Amino acid sequence: MADKVKDVAKSEAIRIGTLTSTAAKSGAYMYPIKGIFYFLAHRSLWKPLTSRIVPTVTLGLSITSAMFFFTYVPQMAVLALTSGPLAPISAALLVLSESSTLTNALSNSFLLNEALVDTFDGTLVSKGFEALVSDGRQLKSSGSGLDPIARLGKLVRKPFAKLSPAALIRSVLYLPLNFIPVVGTLVYVVVQGKRIGSTAHERYFQLKGWDRRRREEWLAAHAPEYTSFGVLSFVLEMVPVLSFVFTYTSTVGAALWAADIEAKSSTAPGLREQAKKAE
């Protein structure tokens, strides 16, 4: 197992170098930050968050407390063999990462699912993309003076998929990477970033009506951008207790990114025609 973990760490470390330069040029990694500021500036987007705040905070505190109580000391003992005097810090980061993975997986699937969809759709509406959102849900008239969230009606297209046991198992299996000092933790963050990034625009793809093949092609062509977005989102979501808040702001950031993609595609009809011919 240890040899396999090291092999994964080495191969991923090589890929990180290739992805980094492309991701840096894309600027996609800035959208989680943009999402924070946009969220703070638009109080109407707070409604889905405030409606779930109590149960989500309770879940996060319960999981984090339990993880520190039961796993911190054993993991620190193991990390003492590889991290030496840094073991207490490494163990704390590992427990926070584990707690974040579990909390986000459970809360996103059972507590925040619809709220995150509302946040994504509401952000697109606030940016003027009502036509896109109307392909996935009913919208109330803008003439009624309602804010973007209040305008959201019944869902037409299925929202984000719920918890995938296979995805959760894969996340847990990658946790041993953290036992490799520094490099292992960095690789783990990138791996989780790839996972989060690949699902950031799931709702956008649904609204576009893309099938699985079209989504996979798009993600493959823009892998560095989505990985960089996911890495920063994951780092923010590792913050204890407040991780669920950053889940919302990252969702806002993903919607802002989707809005920019739509804006660029609408101003480049020639490129769209070329793409269709290429297909």
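Worth knowing before you read on, the calculation uses all heavy atoms, side chains too, and leaves out hydrogens, waters and symmetry mates. Keep in mind that what you see is a predicted model, and the values were worked out from it rather than measured. The chain is numbered in sequence order, starting from 1.
Proximity of Gln138 to Leu152: side-chain heavy atoms (C-beta onward) are nowhere separated by under 4.5 Å. Considering only heavy atoms from C-beta on, Ile63 comes within 4.5 Å of Leu106 through its side chain. For the pair Asp121 and Leu207, the minimum side-chain heavy-atom distance is below 4.5 Å. A 4.5 Å side-chain heavy-atom check between Phe205 and Trp218 finds at least one atom pair inside the cut-off. Side-chain contact between Leu219 and His201: absent, with no pair of heavy atoms (C-beta onward) separated by less than 4.5 Å. With a 4.5 Å cut-off on side-chain heavy atoms, Ile149 and Trp46 do not count as touching. Proximity of Ile53 to Phe244: side-chain heavy atoms (C-beta onward) are separated by under 4.5 Å at one or more points. Taking the side chain as every heavy atom from C-beta outward, Leu132 and Tyr204 approach each other to under 4.5 Å.
Ionic pairing of Asp147 and Lys47 is present here: one or more N-O contacts between side-chain nitrogen and carboxylate oxygen are shorter than 4.0 angstrom. A salt bridge between Arg137 and Asp118 is present, with a side-chain N of the basic residue lying under 4.0 Å from a carboxylate O of the acidic one. Salt bridge annotation for Lys127-Glu262: absent, with no cationic side-chain nitrogen under 4.0 angstrom from a carboxylate oxygen.
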Derivation and outcome, side-chain contact (heavy atoms from CB on, under 4.5 Å), residues Val191 and Arg195: CA-CA 6 Å; Val191 169; Arg195 176 183 62 82; over 6 Å; no

From CA spacing to verdict: side-chain contact (heavy atoms from CB on, under 4.5 Å), Tyr29, Val231: CA-CA 8 Å; Tyr29 60 90; Val231 165; over 6 Å; no

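Glu216 pairs by the side chain to side chain contact (heavy atoms under 4.5 Å, CB included) definition with Arg212, not counting sequence neighbours. Under the rule for a ring-ring contact (aromatic ring centres under 6.0 Å, His included), Phe37 has no partner lying at least two apart in sequence or in another chain.
Listed for the Tyr31 side chain is no donor-acceptor partner under 3.5 Å among the backbone atoms of Thr251. Side-chain atoms of Ser250 do not come within 3.5 Å of backbone N or O of Thr247 as any donor-acceptor pair. Side-chain atoms of Arg52 come within 3.5 Å of backbone N or O of Leu111 as a donor-acceptor pair. Of the possible donor and acceptor atoms, one in the side chain of Thr199 sits under 3.5 Å from a partner among the backbone N and O of Ile196. Not a single donor-acceptor pair under 3.5 Å links the side chain of Arg151 to the backbone N or O of Leu146. Remark: side-chain polar atoms of Ser228 are paired, donor with acceptor, to backbone N or O of Glu225 under 3.5 angstrom. Side-chain N or O atoms of Tyr72 include one that pairs as donor or acceptor with a backbone N or O of Pro88 at under 3.5 Å.
Aromatic ring centres of Tyr226 and Trp257 lie closer together than 6.0 Å.
When each of Leu49, Ile36, Ile33 is checked for a side-chain contact (heavy atoms from CB on, under 4.5 Å) with Thr249, only Ile36 meets the rule. A side chain to side chain donor-acceptor pair (under 3.5 Å) with Glu217 is found for exactly one of Arg215, Arg213, Arg214, namely Arg213.
Residues Phe69 and Leu61 do not share a hydrophobic cluster, clusters being chains of Ile/Leu/Val/Met/Phe/Trp/Tyr side chains in contact below 4.5 Å. Under the 4.5 Å side-chain heavy-atom criterion for ILVMFWY residues, no single connected hydrophobic cluster contains both Leu81 and Leu86.
Side-chain polar atoms of Gln75 and Thr71 form a donor-acceptor pair below 3.5 angstrom.
Note: Tyr38 and His42 have parallel aromatic rings, judged against thresholds of 30 and 60 degrees for the angle between ring planes.
Thr123 OG1 to Tyr248 OH: the interatomic distance, rounded to the nearest 0.5 Å, is 12.0 Å.
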